[in-house]
Amino acid sequence: MTRLSGYFLPTERQAPADAEALSHKLTVRAGLARQVGAGLWSWLPAGWRVHQNVVQIVREEIDAAGGQEMLMPLITPAELWKRSGRYAIDEVFKFRDRRDAELVLAMTHEETVTTHVANAVRSYRDLPLVLYHFQTKGRDEPRPRAGLLRTREFIMKDAYTFDRDFDGLDVAYERLAGAYDRIFDRCGLEWYSVESDVGAMGGTGAHEYMAPCAAGENDVALAPGYAANVEIASAEPRPVPPLSGLEGELHTPGQTTIEAVAGALGIDPGQALKAFPVVTESRGLVMVMLRGDHRVNEVKLANALCESVRPATAEELEAQGLVAGYMGPREGVPMLLDDAVHEGPWVVGANRPDHHRVRTVTGERADVRTVEVGDTVNGNPITIEPAIEVGNIFKLGTRYSEPLGATYLDENGAEQLIVMGSYGIGPARITAAAIEQYADEKGISWPRSIAPWDVEVVSLGKPGTPERAAAEALYDELREAGLDALLDDTDAGTGEKFTIAELLGVPLRLTVGRRSLESGAAEAQVRRGRVDHEGGVPLAGAAEAVRELWRSLP
RNA sequence: CGGGGAGUGGCGCAGUCUGGUAGCGCACCCGGCUGGGGGCCGGGCGGUCGCAGGUUCAAAUCCUGUCUCCCCGACCA
């Protein structure tokens, strides 16, 4: 029973001055959520309805995939995190209780759930398992941003699978991936899954579920049949003609950038090589060489070298006789060539001021560049677009079962490590993504599956009038028919009611006023596209017509 | 963490440079009109200027310190 009079829906005509992202502005303007502190938000009643709708869809699909819902605490002993090795992560909220015991706000629940499984599971007969919960996560983000998009406290659905071996994990992973597909479809999002980086976590496979939108924090490379996070994407580079007409030493005074060198020599930037000196713990200085028109991808580089990298310092360069602005291959400095760098010839730095030279290059090769627009995959040019990560699935393997001692006895009585997967979804991000993807200049346009209400009845009549009575009757009838209806029975003016209805974004709006009484029908407008439904819906026996119309909505 | 910006009624802002005791629009309350796109008229309530200290006869305004928030980047299971 929801009447707008008396409902806590504080709308704003203007967005907060510091809001940038569309979903941030609309979340506040439509009275869905309010900020408490940096990255800390309260859900207001209307917003919480949306969140709950998303949660219910997720719950149904994870249950259907064999999930068993439970609940683990937000506060956890630091000891667990020290054992798993995650205590050192900066984003972990750490604090102490009155007895000075160290505690942690869980950022996810691998440690906790694995401990339970380690204690309870003894035999291969106890596996497999899919356990999950919806629980608040604490993350001390260095930079919360964009309203609900990146917060320091948020509810996540995190699921964990426990299997006897990697084959079992693959099966569970595929089943959960199928559930994820259905979840995002049902939520009405435009989405795709992309391969993602597993590097630091030591997993064996991972996908991210991305909802494209302007406020997205991730860049995704797309081509027909291909989607990958730019962090790890691979593609064929734009071809460049072989270098010709130049050889030997080149005088390039003051030309310290590829653009300057290419401009002065009249060559394509892709015919010169760029040097990117990095330092790793085990290798020391490594000279990464890329085509001049390409950029280093540090995630791919770190993955290729199997260790973290940092840029070399000026002192380290000098010690090797490398000259900033004119760096090139040099005796005694190991080189790593990007895959796009063939043997040559190339224009490269000569390692002395104001000089480049032409030469061929050889060395270890790896794909370490960032893809860019103009590259191709299977002959198709790629595009790159921003997206919100709304979910991720990850083959953890034994990353947690090993340190936390989660093992079982197999058929032969031999102790084996349990093989795990983890699967996260952020309902708040789904909510924000839906706003981002479908909002127009008037406000939000919810997918019907997650909308705070199914239908909004705008009553234009004053209390006591026949128009108002008709609106009330319609509202009652819709509710009795099982539709989730919102009645605007406030004494606001007509324009204000319509404006707020469009801001709030309920998928179907029915208007009952004088005209309705004359025609015997309530006007119906579909929020998506603001399309008037021809003839409206009859006031007599409206529920059936409304239900049918509602079913046809996006 | 680096760079930039901002804290003045619920929201959006002006006032700060050039100290003189706080103002505008919207919202809100009361009355009336209006009643199909945040309508109109009239009358009201509400802030001590993020916080602390200092200078001064006098501080939103000048000085010092501090807290908070936002944006870009770094970072980000």
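By convention in this document, chain letters (A, B, ...) are assigned in the order of the sequence lines, proteins followed by strands, and residues within each chain are numbered from 1.
- Base engagement by Arg530(A) is indicated by at least one non-hydrogen atom pair under 4.0 Å involving a base atom.
- Within the 4.0 angstrom heavy-atom criterion, no nucleotide atom of any strand lies near Asn218(A).
- Between Glu79(A) and Arg83(A) there is a salt bridge, since at least one side-chain N of the basic residue sits less than 4.0 Å from a carboxylate O of the acidic one.
- In this entry the distance linking CD of Glu12(A) with P of C13(B) reads 12 Å, nearest Å.
- Ala146(A) comes within 4.0 angstrom of sugar-phosphate atoms only, judged by non-hydrogen atoms across all strands, and of no base.
- Classification of the Tyr173(A)-His207(A) ring pair by plane angle, with boundaries at 30° and 60°, yields tilted.
- At a threshold of 4.0 Å, the pair Lys82(A)-Glu102(A) counts as salt-bridged, since one of the basic side-chain nitrogens sits closer than that to a carboxylate oxygen.
- Glu518(A) has its CD atom 11 Å from the P atom of G36(B), to the nearest Å.
- A distance of about 9 Å separates the P atoms of G7(B) and C13(B), rounded to the whole Å.
- Note on Leu503(A): a base of the nucleic acid sits closer than 4.0 angstrom, heavy atoms only.
- Contacts between residues 425-435 of chain A and RNA chain B, defined by a heavy-atom separation below 4.0 Å, involve no residue at all.
- In this structure, Glu91(A) reaches the sugar-phosphate backbone alone: every heavy-atom distance under 4.0 Å involves primed, P, OP1 or OP2 atoms, never a base.
- The only member of Arg29(A), Arg527(A), Arg509(A) that meets salt bridge (charged side-chain N to carboxylate O under 4.0 Å, His left out) when paired with Glu502(A) is Arg509(A).
- Arg514(A) comes within 4.0 angstrom of a nucleotide base, judged by non-hydrogen atoms across all strands.
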Taking only N/O atoms, report every protein-nucleotides 1-9 of chain B pair under 3.5 Å with atom names and distance.
none

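- Residue-level contact check: Ala19(A) touches neither bases nor backbone, having no heavy atom under 4.0 Å from any strand.
- As a whole-Å value, the separation of Leu4(A) CG from G38(B) C1' is 14 Å.
- Atom CG in Asp491(A) sits about 14 Å away from atom C1' in C30(B), given to the nearest Å.
- Thr465(A) comes within contact range of no nucleotide atom at all, as no heavy-atom separation falls under 4.0 Å.
- Atom CZ in Arg145(A) sits roughly 17 Å away from atom P in C69(B) (whole-Å rounding).
- No engagement by Lys497(A) is indicated, since no non-hydrogen atom pair under 4.0 Å with the nucleic acid exists.
- Tyr132(A) and Tyr160(A) have their aromatic ring centers separated by at least 6.0 angstrom.
- Nucleic acid contact for Pro16(A): sugar-phosphate only, since backbone atoms but no base atoms lie under 4.0 Å from a heavy atom of the residue.
- Exactly one residue among Asn392(A), Leu396(A), Thr161(A) makes a side chain to side chain contact (heavy atoms under 4.5 Å, CB included) with Tyr423(A). That residue is Thr161(A).
- The same atom, C1', is picked in C70(B) and in U61(B); the two are 24 Å apart, to the nearest Å.
- Counting non-hydrogen atoms under 4.0 angstrom, Gln35(A) reaches the backbone sugars and phosphates but no base.
- Nucleic acid contact for Glu110(A): base, since at least one base atom lies under 4.0 Å from a heavy atom of the residue.
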